[in-house]
Amino acid sequence: MPPVKRKLFNLDQYQVPRGKVQIISERCKGCSLCLEYCPNKVLAWSTDYNFKGYRYPVLEETEEKYCISCRFCEEVCPDFAIYVTTEPELTAKPQSTQRK
Amino acid sequence: MTRLGVFICHCGKNIARTVNIEALREKAATLPHVVLAKDYLYLCSKPGQTMIADDIREHRLDKVLIAACSPRLHGKTFAQTAQRAGLNPYLLDMANIREHCSWVHIDGAEGTEKAFSIIKGGLGRLLYAEPLEPFQSPVTKRVLVIGGGVAGIQATLDIANSGYEVYLVEKSPSLGGHMAQLGETFPTLDCSSCILTPKMVEVSQNEHVHLLSYSEVTRIEGNIGQFQVTVRLRPRYVDETLCTGCGDCVPTCPVVVSNEFDQGLGARKAVYLPFPQAVPAVYTIDWDACLNTDKLIICENCYKDCEAKAINFLMEPQEKMVEVGAVVLATGYELMPVARIGEYGGDEYEDVIDGLQFERMLSASGPTGGVVRRPSDGRIPQNVVFVQCAGSRDPEHGIPYCSKVCCMYTAKHALLYKHAVPDGQVYVFYIDIRAAGKGHEEFVQKVMSEERILYLRGKVSKIFKSGAKLVVWGADTLSGRQVEIEADLVVLAMAVIPSSGSQKLARTLHIASDLSGFFSEAHPKLRPLESNTDGIFLAGAAQFAKDITDTVSQATGAAGKALSLLANDFIKLEPTISEVEEGICRGCGLCVSICPFGAVKMLPSTRTGAMVAGINPILCKGCGLCTAGCLSGAVTLKGSSFKQIFAQLEEMV
Ligand SMILES: Cc1cc2nc3c(=O)[nH]c(=O)nc-3n(C[C@H](O)[C@H](O)[C@H](O)COP(=O)(O)OP(=O)(O)OC[C@H]3O[C@@H](n4cnc5c(N)ncnc54)[C@H](O)[C@@H]3O)c2cc1C
Ligand code: SF4
Ligand code: SF4
Ligand code: SF4
């Protein structure tokens, strides 16, 4: 039997930062590093192609709130095709879906 | 010419019942070199000892054999007698004709014959005995305390306040142990952290204390008076000397995980202080939870927000060597995991919790702010069932013993719940109530007489879920009925078990632990604060389940033991250790690998320069393994030389 993971009582007292992901699709070469490294798996592949002929990362509107502004995507992107802006007023209640 | 004296003890009737003492004495008197053979009712008594001492002087005895009980019992007594009479104590030996003979024989003739053979052997061995001098070893005037719960804190303060240096090694990021997690304490309902926090602060401010938190002891060498200890400091990725405890690093950390200190009921960030009163008041990055890894450092949120620039992602584990004269072990306890009891849901149900989780809910600084809530939906429970002896006194689940504190803290829990929810209903299942401490029975009686607290004598057989409620099946042996109770919350008083890692620590320290894993005391009645290794003392729940009162008493006692050791500049160590004859050693190094205490090293010979074995007298425990293992016969165990052992065997066969 897997041990229960109890809901954390005082979760409401915590806040996590939120980021706004900016994607410059034209620069993307489809290497998939950002999707791999995003700890919250908020990014997905586009359905269409950029002018170079690659699929590029997109962020569904429903996923936006899960970006925790860690900037992993920004750091790993070799082509400066993705970056994150943080807005101080943009904080969120923590989600328990964080993965390493 | 050697002048041997033989003294035979009756030990009341213990020996005399089966052994014909008179015949034995007459025969012993005829043995070579024996100039005096005597018997006495109790040799260990004062007149007995005086007689021996007088005879040593009067008859100019140069070696003495005491045929009596085991040297483990009275070896020291008679060694002192010899010393008083001016005889080197290693020239007095004992022949055990009680445990090895009279107690295991029924037939008098056989017993007497065997006793004679034991005496003959003893005399043979004694003939080759040589005078030995105990050697002196300096006492390092520092103490190592392992474990920073209330036991470790108390021992540390007692020793430090006497002016000696203490190294206090705590595994977790903060001092406090389990007492820091408690809300109020039985039987007086003192606020736990209110009485503990000042002590924790005192530790951190005492100039004699070196607090090594987030650290573990990985190696210990040496002997009483001189231990060399290796401590491994885990990287906390926050520089202790720079961190101001401001907490600015926390808000932007994106990782939220459950807090161990809240027993998994509350949250914390990857960078955290386990609780507000933590000592040291230094944040720690939980590297397993942090987004960064050893290979990849990208998230810098905390780093950027830390004005003191205390965060350092490149921190590595460190090793620190400390030298101490004594060790106090205070590694405490844990609760048996609920998962081990399948009948109670095996940790499957969110609303079946253990005592420490309930304790966190009662605590004003806990995750619910002191309100009792159901973990599943956050509602305040109206029906609460407490189950005592969950795992304890239950050999089927591997715990035969009583955990000692559960009767008391369950009564406390029931009462505190009632204070908070006056119209709530409490059921307590118990086998029997053990409330033997001062004020304990009165406390339990008071709780039992409260309205809406129902004590049911019997065991719970099963807990299962039915809708949003839990159903508890149990027996009420007083009315002889099976009971079924619908509960909102079930609290299991899980068995107290030794803290994880204490087995490993026992091996590191070369000390014994009992079948349940608690550290063994040297003698259950007379030496309860000492381990079976000299210089290592025990305190608190690491020795056995106990409450805070007993823990603190024991810790103060252990500190006293350590202090009385430190009061000496030198201690005498037994000279009965191994010695290498350089001329015979061929330098094969076998003994180096044999010695379990790391006492043998290959060193260049002072005469020839060739590599030969050398034994460090401080580390050698005189176990004799290398003596038996050396193929060249180069190693002698002083006091039990080959000559002595073969002479003894020859006389006996
Ligand atoms: C639910 C519950 C309620 C209780 N309520 C009360 C009460 O009301 N009144 C009362 O008198 N008693 C109560 N007790 C008992 C009380 O908790 C103990 O008596 C007390 O905590 C024992 O202190 P300790 O220092 O021996 O052990 P602990 O508190 O367990 O401390 C041990 C410390 O050693 C550290 N450690 C462990 N292993 C290592 C290692 N290898 N190296 C370094 N450090 C290590 C741990 O991290 C910890 O800090 C209660 C117990 C429980 C379970
Ligand atoms: S900032 Fe972090 S969480 Fe947000 S998209 Fe990039 S990698 Fe994912
Ligand atoms: S580096 Fe680690 S601890 Fe610091 S903010 Fe990022 S995830 Fe949290
Ligand atoms: S007798 Fe030999 S093996 Fe035993 S402790 Fe001494 S040196 Fe080591």
Side-chain angles (χ1 to χ4, degrees), chain A residues 1-21 31 33-43 59 63-78 80 82-100, chain B residues 250-259 262-270 272 286-293 296-302 304-305 337-342 345-353 357 360-361 365-378 465:
Chain A
M1 251 173 289
V4 285
K5 244 194 108 126
R6 293 183 173 82
K7 274 173 233 138
L8 304 174
F9 277 121
N10 53 356
L11 214 52
D12 281 357
Q13 293 164 18
Y14 286 83
Q15 287 191 322
V16 287
R18 265 180 65 185
K20 226 177 158 58
V21 184
C31 70
L33 282 174
C34 55
L35 272 88
E36 285 291 319
Y37 276 95
C38 174
N40 256 8
K41 301 287 171 237
V42 304
L43 298 168
L59 192 65
E63 291 289 304
E64 263 175 18
K65 62 174 187 286
Y66 291 119
C67 173
I68 53 176
S69 187
C70 65
R71 295 170 187 270
F72 266 56
C73 50
E74 183 178 315
E75 287 290 329
V76 295
C77 178
F80 307 100
I82 187 166
Y83 66 98
V84 183
T85 50
T86 316
E87 286 153 50
E89 69 281 3
L90 258 191
T91 49
K93 296 291 172 217
Q95 307 299 326
S96 40
T97 50
Q98 272 127 359
R99 277 172 290 222
K100 189 158 168 105
Chain B
V250 174
T252 53
C253 174
V255 183
V256 180
V257 290
S258 73
N259 190 355
D262 286 331
Q263 298 291 123
L265 297 179
R268 65 162 168 83
K269 290 285 185 79
Y272 72 110
D286 172 355
W287 204 236
D288 290 331
C290 173
L291 293 174
N292 295 325
T293 66
L296 191 72
I297 288 160
I298 290 179
C299 180
E300 294 180 325
N301 291 0
C302 54
K304 282 192 207 131
D305 287 339
V338 177
R340 294 240 301 258
I341 308 193
D347 213 13
E348 199 193 355
Y349 310 132
E350 283 177 80
D351 297 331
V352 178
I353 60 173
Q357 287 173 321
R360 286 314 295 150
M361 285 208 262
S365 58
T368 57
V371 181
V372 177
R373 293 185 183 281
R374 270 158 61 96
S376 62
D377 55 16
K465 213 170 163 163

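Throughout, a chain's letter reflects where its sequence line sits, starting with A, and its residues are numbered from 1.
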Legend entry - Flag, side chain of A:N10 to backbone of B:G266, donor-acceptor distance under 3.5 Å: no
Legend entry - chain A contact via B:V352 - which portion, at a heavy-atom distance below 4.5 Å: backbone
Legend entry - Residue list, side chain to side chain contact (heavy atoms under 4.5 Å, CB included) with B:S258, at least two apart or on another chain: A:L8
Legend entry - Under 3.5 Å: donor-acceptor pair, side chain of A:R6, backbone of B:E350: yes
Legend entry - Contacting region of B:Q357 [heavy-atom separation from chain A under 4.5 Å]: side chain
Inset, instruction - Please name the pair of heavy atoms, one in B:P251 and one in A:P17, separated by the smallest distance, quoted to 0.1 Å. - result: O-CD, 3.8 Å
Inset, instruction - Starting at CG of B:N301, measure out to OG1 of A:T86 and round the result to the nearest 0.5 Å. - result: 7.5 Å
Inset, instruction - Answer yes or no: is there a donor N or O on one side and an acceptor on the other, between the side chain of B:K269 and the main chain of A:Y14, under 3.5 Å? - result: no
Inset, instruction - Quick one: which of B:L265, B:N259, B:T368, B:V250 has the most heavy-atom pairs under 4.5 Å with chain A, could you say? - result: B:L265
Legend entry - Partners passing side chain to side chain contact (heavy atoms under 4.5 Å, CB included) against B:R374 (at least two apart in sequence or in another chain): B:D351, B:S376, B:D377, B:P381, B:A468, B:D488
Inset, instruction - Nearest 0.5 Å please: distance from the SG atom of B:C253 over to the CD1 atom of A:I68. - result: 8.5 Å
Legend entry - Candidate list B:N292, B:T252, B:V255, B:L291, test side chain to side chain contact (heavy atoms under 4.5 Å, CB included), partner A:C70, passing option: B:L291
Legend entry - A:Y37 side chain near B:L296 side chain, heavy-atom distance below 4.5 Å: yes
Inset, instruction - Starting at CZ of A:F72, measure out to CD1 of B:I298 and round the result to the nearest 0.5 Å. - result: 4.5 Å
